[in-house]
2 protein chains.
Amino acid sequence: MTSREAKGIRTLSEDLRLACMRISRRVRFESGDVIAPHQFSVLCRLEHGPLTPRALADVENVSAPSMTRTVGGLVDDGYVTRSEHPDDGRQVLVTITDAGQDVLATTRRRRDMWMVERVTELSADERVTLTEAAQILTKIAAR
Amino acid sequence: MTSREAKGIRTLSEDLRLACMRISRRVRFESGDVIAPHQFSVLCRLEHGPLTPRALADVENVSAPSMTRTVGGLVDDGYVTRSEHPDDGRQVLVTITDAGQDVLATTRRRRDMWMVERVTELSADERVTLTEAAQILTKIAAR
DNA sequence: TATTGTTATACTCTATAACTATA
DNA sequence: TATAGTTATAGAGTATAACAATA
């Protein structure tokens, strides 16, 4: 790799990072979320099956008492339910409700709408470029 | 616009938004920031000149008392200083210090490094695509 | 009288330490 | 003895209401 290419990578990385962070920030502030970020994140984890508070705390990188509180709030709002674990009396299963699935879908729809409004204003060529870029960015986000 | 194109826009928008938000989240969690997000944001605002707490509160969309507290913390950490406004005895000027400029530069360097590591692993073709995409995403973030 | 900044107070989310119940 | 979950308590960051100083 030449030094010119290395400088290009630094510039590209900086431009990409800044754009992604600015877009993310604006989506969070301007899409009219009805639930808090930490609540949304937990509901996403429960989308494809119940989890214990311990598992939720680990995957969300928060303490067990914090997750107790977060789950408590979601229960109060009717977005999840607590039930006994079938095999282990110490554990609890947290399950998303229909209302929880609804708020998840609504939040995503409103967030996507923010981006749709902007992508619609682009040229067809720009959308082709972004379609290729989206695959690469998705790969970056996952690696 | 055909219905097929509309569906493409929705899918593209969703993919782009998710990738941007995931990248943003990982940068924030994995780049080892030494200051809190709200502190970083305020320091950025002060980068090109002093501002009053009132102006900072407005641009950051927080209350005046919250900004009093945030500025107080930055003063305690040595990243900004408070001084009298030359023309208006009610107002205060908040100015970034050299240490504040340093922490800003360090934070950006570490955040960019996260992205450089990933962009380096891509093919030259993929980087060409992302170079075009970065311009479009920057436009989206600004509009 | 309006504006700037701060203080008083309260609510939320976070944490660590201690406690209860179960494995 | 170890683990899961909760409760007790405290530390940040946010807010609104009230206050002092200045325009």
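Per chain, numbering begins at 1; letters A, B, ... match sequence-line order. Basis for what follows: all heavy atoms, side chains included, without hydrogens, waters or symmetry-related copies.
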Q | B/D15 and B/S13: side chain donor to acceptor below 3.5 Å | A | no
(Q) Quiz question: by atom type and distance under 3.5 Å, do the side chains of A/S41 and A/E60 form a donor-acceptor pair? (A) yes
What integer distance in Å separates [X]:[atom1] from [N]:[atom2]?
X	N	atom1	atom2	value
A/M67	C/dT16	CE	P	14 Å
A/F40	C/dC13	CZ	C1'	19 Å
B/L74	D/dG13	CG	C1'	13 Å
A/R69	D/dG5	CZ	P	18 Å
B/Q91	C/dT4	CD	P	6 Å
B/H85	C/dT3	NE2	P	16 Å
B/D88	D/dA23	CG	P	6 Å
B/E84	C/dG5	CD	P	13 Å

(Q) Given the ring of B/F40, does B/R28 sit roughly above its face, with NZ or CZ under 6.0 Å from the centre of the six-membered ring and within 45° of the axis? (A) no
Closer than 4.0 Å, any side-chain N/O of [X] to the OP1 or OP2 of [N]?
X	N	result
B/T70	D/dT14	yes
B/R82	C/dT6	yes
A/T68	D/dG5	no
A/S66	C/dC13	no

Between [options], which one does the side chain of [X] approach most closely?
X	options	answer
B/P65	D/dT6, C/dT6, C/dA23	C/dT6
A/S63	D/dG13, D/dT14, C/dT16	C/dT16
A/R90	C/dA17, C/dG5, D/dA4	D/dA4

Q) Do B/E126 and A/K139 sit within salt-bridge range, that is, some charged N less than 4.0 Å from a carboxylate O? A) yes
Q. Does A/R108 come within less than 4.0 Å of A/E47, counting only side-chain N to carboxylate O?
A.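 Yes, charged N to carboxylate O under 4.0 Å.
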Q.
Counting the atoms with a prime plus P, OP1 and OP2 as sugar-phosphate, which does B/H38 contact under 4.0 Å by heavy atoms, base, sugar-phosphate, or nothing?
A. sugar-phosphate
(Q) Quiz question: going by heavy-atom distance under 3.5 Å, is there a donor-acceptor pair between the base of C/dT4 and the side chain of B/R54? (A)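 Not at all, since no donor on one side and acceptor on the other fall under 3.5 Å apart.
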